[in-house]
Amino acid sequence: MHHEGDIDRINIAIDGPAGAGKSTVAREVAEQLGYVYIDTGAMYRAVTLTAQRAGVAANQPDELKKLTASIKIDLEPGEQGQSVFVNGENVTSLIRSREVTLQVSYYAADESVRAVLGTLQRKLAARKGVVMDGRDIGSHVLPDAELKIFLTASVQERALRRFREIRDTQPVTLEQLEIEIAERDRLDEQREISPLICASDAVVLDSTGMSIEEVIQSIVKLCRTKLAEAK
Ligand code: DC
């Protein structure tokens with residue numbers, strides 16, 4: 001039986017390791033469906049930046065708890081994807097620095113940081129029509145998401161993609177990036193609280209030999225199938 005307003009919008013969770021192309025894919029899928037894109041990694045980065053500025057280390061749970069409770073994080077659709085604000089300050093480019101990138105997995109392992117951000121993420125998804133990318137969205141934050149994608153690619157491929165993205169602006173070698181990505185995988189997979197795992201009902205997409213466009217189209221197609229099934 002079809003209830004009015006029942007399912008005309010679903011939630012889509014896109015999880016996977018660093019550099020698999022999640023943000024590009026999620027943003028474009030949201031665009032094509034007229035959905036809202038939510039980059040949860042940006043939230044962990046925003047907390048990391050704020051903590052670094054305040055001199056709070058990842059292994060200071062009490063201070064981190066206070067800091068996380070006291071900041072306001074806003075995501076707004078911007079010119080190039082999504083803009084991120086902390087207490088009204090636009091930190092969109094600051095959260096992409098290597099300083100933040102190298103530390104974020106440690107801060108993301110903190111219990112109160114995860115609790116606060118998880119609650120915020122659930123609120124943002126409550127009205128459906130959201131494409132959310134992260135590590136634990138399908139497995140933990142939105143276990144009822146109608147479509148779950150686990151997007152992955154080989155470490156070499158992911159390092160190469162990131163290298164092409166940042167080589168003009170940041171002094172880093174491909175080898176260094178491979179080591180850093182493998183280390184971030186390890187930290188994200190091995191942390192105690194909601195680690196990066198593939199939800200049992202997720203569709204696994206290995207993008208190693210695929211173009212971004214192919215990945216986007218296959219997710220949009222899966223979404224349309226889900227919507228049709230739900231009618
Ligand atoms: O996707 P990203 O590289 O911007 O994510 C930054 C870090 O945040 C990543 O190393 C792990 C963490 N993260 C997380 O623990 N849970 C999420 N849902 C999203 C990101």
Side-chain angles (χ1 to χ4, degrees), residues 11-30 37-52 58 64 68 73 75 78 80-84 86 91-125 130-143 145 148-153 155 157-159 161-163 165-166 170 172 177-199 202 207:
N11 279 336
I12 305 175
I14 303 186
D15 292 296
K22 295 187 301 293
S23 59
T24 311
V25 166
R27 188 183 308 129
E28 194 52 40
V29 167
Y37 164 54
I38 295 166
D39 175 358
T40 64
M43 297 179 181
Y44 288 96
R45 288 170 179 273
V47 168
T48 302
L49 173 73
T50 311
Q52 286 175 337
L64 257 185
T68 313
I73 298 173
L75 305 179
Q80 289 133 20
Q82 180 193 256
S83 296
V84 185
V86 172
V91 295
T92 312
S93 22
L94 290 173
I95 60 168
R96 302 291 158 195
S97 74
R98 275 173 59 72
E99 239 175 310
V100 169
T101 302
L102 290 174
Q103 287 287 312
V104 60
S105 288
Y106 297 99
Y107 288 93
D110 181 83
E111 191 175 359
S112 48
V113 170
R114 298 207 74 81
V116 168
L117 295 186
T119 302
L120 177 58
Q121 290 154 15
R122 284 188 196 101
K123 267 190 205 152
L124 292 171
V130 153
V131 182
M132 194 173 276
D133 93 39
R135 303 291 190 286
D136 62 338
I137 308 307
S139 61
H140 185 73
V141 177
L142 304 177
K148 300 177 185 179
I149 306 290
F150 193 83
L151 187 61
T152 184
V155 171
E157 173 82 16
R158 289 184 282 132
R161 289 180 191 165
R162 188 120 311 172
F163 179 66
E165 232 171 68
I166 66 173
Q170 299 181 26
V172 65
L177 283 177
E178 270 186 32
I179 293 167
E180 288 172 11
I181 284 184
E183 175 63 4
R184 210 136 69 91
D185 284 357
R186 193 183 66 76
L187 290 169
D188 291 344
E189 283 161 8
Q190 293 181 2
R191 71 166 167 251
E192 267 174 51
I193 314 157
S194 49
L196 168 67
I197 44 159
C198 179
S207 72

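Counting starts at 1 for both ligands and their atoms, following the listed order. Note that the numbering runs from 1 along the sequence shown for the chain.
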Say whether [X] and [Y], considering side chains only, have a donor N or O and an acceptor N or O under 3.5 Å apart.
{"X": "Ser23", "Y": "Asp39", "answer": "no"}
{"X": "Tyr44", "Y": "Arg114", "answer": "yes"}
{"X": "Arg162", "Y": "Thr101", "answer": "no"}

Using non-hydrogen atoms of the residue, decide whether Arg114 is closer than 4.0 angstrom to ligand 1.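 Per 4.0 Å heavy-atom rule, Arg114 contacts ligand 1.
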Between the main-chain N or O of Asp133 and the side-chain N or O of Thr40, is there a donor-acceptor pair closer than 3.5 Å?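 Present.
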Side-chain donor/acceptor of Lys148 to backbone N/O of Ile137, under 3.5 Å: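 It does not hold such a pair.
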Just jot down the ligand 1 atoms closer than 4.0 angstrom to any heavy atom of [X], in number order.
{"X": "Asp188", "value": "9 (C), 10 (O), 11 (C)"}
{"X": "Gly134", "value": "17 (C), 18 (N), 19 (C)"}
{"X": "Ser105", "value": "10 (O)"}
{"X": "Ala108", "value": "12 (C), 15 (O)"}

For atom 10 (O) of ligand 1, what's the nearest protein heavy-atom neighbour? Residue, atom name and distance, please.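 Of the protein heavy atoms, Arg184 NH1, 2.8 Å lies nearest.
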Among protein heavy atoms, which lies nearest atom 19 (C) of ligand 1, and at what distance?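 Of the protein heavy atoms, Thr40 OG1, 3.3 Å lies nearest.
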Using a 4.0 Å heavy-atom threshold (strictly under), name the region of [X] that reaches ligand 1: side chain, backbone, both or neither.
{"X": "Arg191", "answer": "side chain"}
{"X": "Arg135", "answer": "both"}
{"X": "Arg45", "answer": "side chain"}

What is the minimum heavy-atom distance between Gly118 and Val141, and which atoms define it?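 Reported closest heavy-atom pair: O-CG1, 4.1 Å.
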Taking 4.0 angstrom as the limit, do Glu189 and Arg135 come out as a salt bridge?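 Salt bridge between Glu189 and Arg135, a charged N being under 4.0 Å from a carboxylate O: no.
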